[in-house]
2 protein chains.
Amino acid sequence: MLTDRQRMILNAIIDDYIRSAEPVGSRSISKRGDVGFSPATIRNEMADLEELGFLEQPHTSAGRIPSTKGYRYYVDHLVNFNEVNEQDLTKVRSFFSEKVNEMEQVIQHAAMILSNLTNYTSILLGPEMFSTSLKHFSLVPLDATSAVAIIVTNTGHVENRTIQIPPGVSMEEMEKVVRILNTKLVGVPLIRLKSKLHAEMGQELDRYIDHCEEVLGVLDKALQSDDEHRIFLSGTTNMLTQPEFKDVDKVKTILDLLDETPAIMKMFSALPSGIQVRIGTENDQEAIANCSLITATYSVDGQSLGTIGILGPTRMEYGKVISLLNIISKDMALMLGRWYK
Amino acid sequence: MLTDRQRMILNAIIDDYIRSAEPVGSRSISKRGDVGFSPATIRNEMADLEELGFLEQPHTSAGRIPSTKGYRYYVDHLVNFNEVNEQDLTKVRSFFSEKVNEMEQVIQHAAMILSNLTNYTSILLGPEMFSTSLKHFSLVPLDATSAVAIIVTNTGHVENRTIQIPPGVSMEEMEKVVRILNTKLVGVPLIRLKSKLHAEMGQELDRYIDHCEEVLGVLDKALQSDDEHRIFLSGTTNMLTQPEFKDVDKVKTILDLLDETPAIMKMFSALPSGIQVRIGTENDQEAIANCSLITATYSVDGQSLGTIGILGPTRMEYGKVISLLNIISKDMALMLGRWYK
DNA sequence: GATTAGCACTCGACTTTAATGAGTGCTAAC
DNA sequence: GTTAGCACTCATTAAAGTCGAGTGCTAATC
């Protein structure tokens, strides 16, 4: 579809624009070593590329900037994936060679590293619930009517929730229930916990204790997996350093979007495995129509565990970010693989 | 020190400036119903007030704006504290009459309400460690070498940490240790846990188990209270709506400051009880020299539990914010009082 | 003596105009 | 097919001019 020369020129324009954030003129392309043609020739090619929809002109006498289609072609065919420099690489390596105990810490820290290395905003979704299973369930009484329910997963993640003991149910009875749960439910994936509880434990419990209904109700609440605090953001203020967002109002709509858990969940829902690039208007959310979102899922044994995302302006260092995500998602999978044994 | 008329004029100027964010001229003050003097008279008084340091002039032919000293006088002597409207009040009341189980949820939600009602940024510090005590300590083994240590406090708060079992120590031994800890340490304030462990338990443990040194080391790590995730922010992007922060760079230094846990801790450390107002340069942090920080501690039985803060431009609605903080800090104390029984 | 009307003056904000120059498209020569 | 040359476009910047809100001071008034 495009000639070699057109590809070369398109590549040069996008590279330049990514660096400078300014419309690129024919002269500056000609002066680069790698394209040995005069400005006039390049102008002709640029006009063709614009006609084909790969470039745009902010106004008549300005240079060209890439269109969404241009970026798309660049990402699909042109970009060079070896743009991670040695320094960054060693930083990543040393991070993943460290031994860390807390999974949340790992994720939080990984988010920080990503936003630092890229100067964009990083968004991490932690390992999904359905891939972890119950390791231990316990109940710590606080007083006569309330207790803390604690759920430990096989990955060492801990969820806790305060519950009210139903009136008429004694603490001894509750402890009996907990013992039963621990013998019957250990190893069950978290996401199945609730259904399993109802399907298989109803009669079982009924035999041992009174007030079965109320107890089940409370346990339901306790086992409700809350997926609220599983989004880790880092480098949100990096958005403010991008020249395209020097306008406060624009940046506010973006930051407000990042504050909304459901919106982020929606952006990340149903992503295909591997690396995914959504450029500008390819995103559903209007607030990030000037942004690109690059996501990578990480998985162990073919099971997707979570997602890493980088949000930046459409004028993004695609090569660097994609390479980095590739590396980190794999390291992440490796590290978590050890966790899941 | 100031005449009645000067106070009245100062009050009028600050009120106007808080509403408009523009330097206030003599004419506009004169036109307000409450000050019955001609612009010329007001100009004379304004000149005096400037000489006294309560007002400033951005440039010769502009109106006056309040200085830090002016705001200080306003806050100390002039501001009207009944500026919370009915609607807001009912919102607060209905929030605190709700029954909620999770303390973290309460705090997070309170932060949201505050930032919504004020349009500034709210910062909440959760109940301090030293006021909570150990309720229960448990250890859930994950595999041969690692386990999750779980600390439940008397308030139902749960801390957890993954630890490595020292080589040579068996799980049975660890469980023995946990039993001992639960009989000896329950009721001890969290902040004293570590010192108590060393001072009183050393010999005790030595008698029962081998590898005492290593076990103590691990427990140390487990009991290390991490005070990281105890800061709750809400409405950070509200900063972006203030006209004084239309400059992206200024707002970035502020948002970056809010991202730094230690900096916030420092701002909130050693606050006297009750409401505290720090105006502009009265703050240590240079990044918020154009901001005012209003804080309120909330306490039960004279014991300070935590702090609520509102950060906004120096041109802040002091009356409203202070009244609101007064109400909310009291309601918060009440609610937590029930918690601590 | 306190208040106010009047007036000259200041100075930022905004508008207008002109100059600059980066970049283009087109044509004709190579 | 490539490129030099040239007229043209148009955002950006600077300079000059206008406007008006607001001041300080003086002298008249209450």
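Quick note on labels: first sequence line is chain A, next is B, and so on, each numbered from 1.
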**Request:** Quickly work out the Phe37(A) CZ to dT3(D) C1' distance and round it to whole Å.
**Result:** 12 Å
**Complete:** The answer to which of Asn44(A) and Ala40(B) contacts DNA chain C further toward the 5' end, by nearest nucleotide, is Ala40(B)
**Validation row: Arg64(B), Leu49(B) side chains within 4.5 angstrom (heavy atoms)** = no
**Message:** Checking the side chain of Asn283(B) only, and the main-chain atoms of Gln285(B) only, is there a donor and an acceptor separated by less than 3.5 Å?
**Reply:** no
**Prompt:** Between dT24(C), dT3(C), dT3(D), which one does the side chain of Ser38(A) approach most closely?
**Reply:** dT3(D)
**Asked** Can you find a side chain N or O atom of Arg5(B) that sits less than 4.0 Å from OP1 or OP2 on dT3(C)?
**Response** yes
**Item:** Integer-rounded Å distance: dG22(D) C1' and Gln57(B) CD
**Value:** 8 Å
**Prompt:** Counting just side-chain N and O atoms, does Arg64(B) come under 4.0 Å of either OP1 or OP2 of dA21(D)?
**Reply:** no
**Asked** When you check the gap from the basic side-chain N to the acidic O, do Asp88(A) and Lys320(A) get nearer than 4.0 Å?
**Response** yes
**Request:** Have a look at Ile275(B) and tell me which of Thr295(B), Ile308(B), Leu325(B), Val321(B) forms a side chain to side chain contact (heavy atoms under 4.5 Å, CB included) with it.
**Result:** Leu325(B)
Below 3.5 Å is the cut-off: list the nitrogen or oxygen pairs between protein and nucleotides 10-17 of chain D, distance only.
residue : atom : partner  : partner atom : Å
dC10(D) : OP1  : Thr60(A) : OG1          : 2.9
dC10(D) : O4'  : Ser61(A) : OG           : 3.0
dC10(D) : O2   : Ser61(A) : OG           : 3.4

**Request:** Find the distance Gln6(A):CD to dG1(D):P and express it as a whole number of Å.
**Result:** 13 Å
**Whole angstrom value for the distance that separates P of dG23(C) from CD1 of Ile29(A)** = 10 Å
**Prompt:** Choosing from dT23(D), dT24(C), dT3(D), which nucleotide comes nearest the side chain of Thr41(A)?
**Reply:** dT3(D)
**Message:** Hydrogens and angles aside, do Tyr73(B) and Arg7(B) bring a side-chain donor and acceptor to less than 3.5 Å of each other?
**Reply:** yes
**Message:** How many whole angstroms separate atom CD of Glu45(A) from atom C1' of dG1(D)?
**Reply:** 11 Å
**Item:** Integer-rounded Å distance: dG1(D) C1' and Asp48(A) CG
**Value:** 13 Å
**Prompt:** Under the 3.5 angstrom rule, does the side chain of Lys250(A) hit a backbone N or O of Glu244(A) as a donor-acceptor pair?
**Reply:** no
**Prompt:** Is a salt bridge present between Asp249(A) and Lys252(A), judged by a nitrogen-to-oxygen distance below 4.0 Å?
**Reply:** no
**Message:** Please determine whether the number of non-hydrogen atoms from other residues, nucleotides or ligands lying under 6.0 Å from atom CZ of Arg27(A) exceeds 12.
**Reply:** no
**Request:** Could you list the residues that satisfy salt bridge (charged side-chain N to carboxylate O under 4.0 Å, His left out) with Glu260(B), not counting sequence neighbours?
**Result:** none
**Message:** Atom CZ of residue position Arg32(A) - does it have more than 12 heavy atoms of other residues, nucleotides or ligands inside 6.0 Å?
**Reply:** yes
**Message:** With a cut-off of less than 4.0 Å, is there a side-chain N or O of Arg27(A) near OP1 or OP2 of dA4(D)?
**Reply:** no
**Message:** Side chain of Ala47(B), heavy atoms from C-beta onward: which of dT4(C), dT24(C), dG24(D) has the nearest atom to it?
**Reply:** dG24(D)
**Prompt:** In whole Å, what is the span from the CD1 atom of Ile13(A) to the P atom of dG23(C)?
**Reply:** 12 Å
**Value in whole Å for how far the P atom of dA7(D) lies from CZ of Arg43(A)** = 15 Å
**Message:** Let me check the geometry of the helix from dG1(C)-dC30(D) to dC30(C)-dG1(D). What is the bend angle between the axes at its two ends, five pairs each, to 10°?
**Reply:** 20°
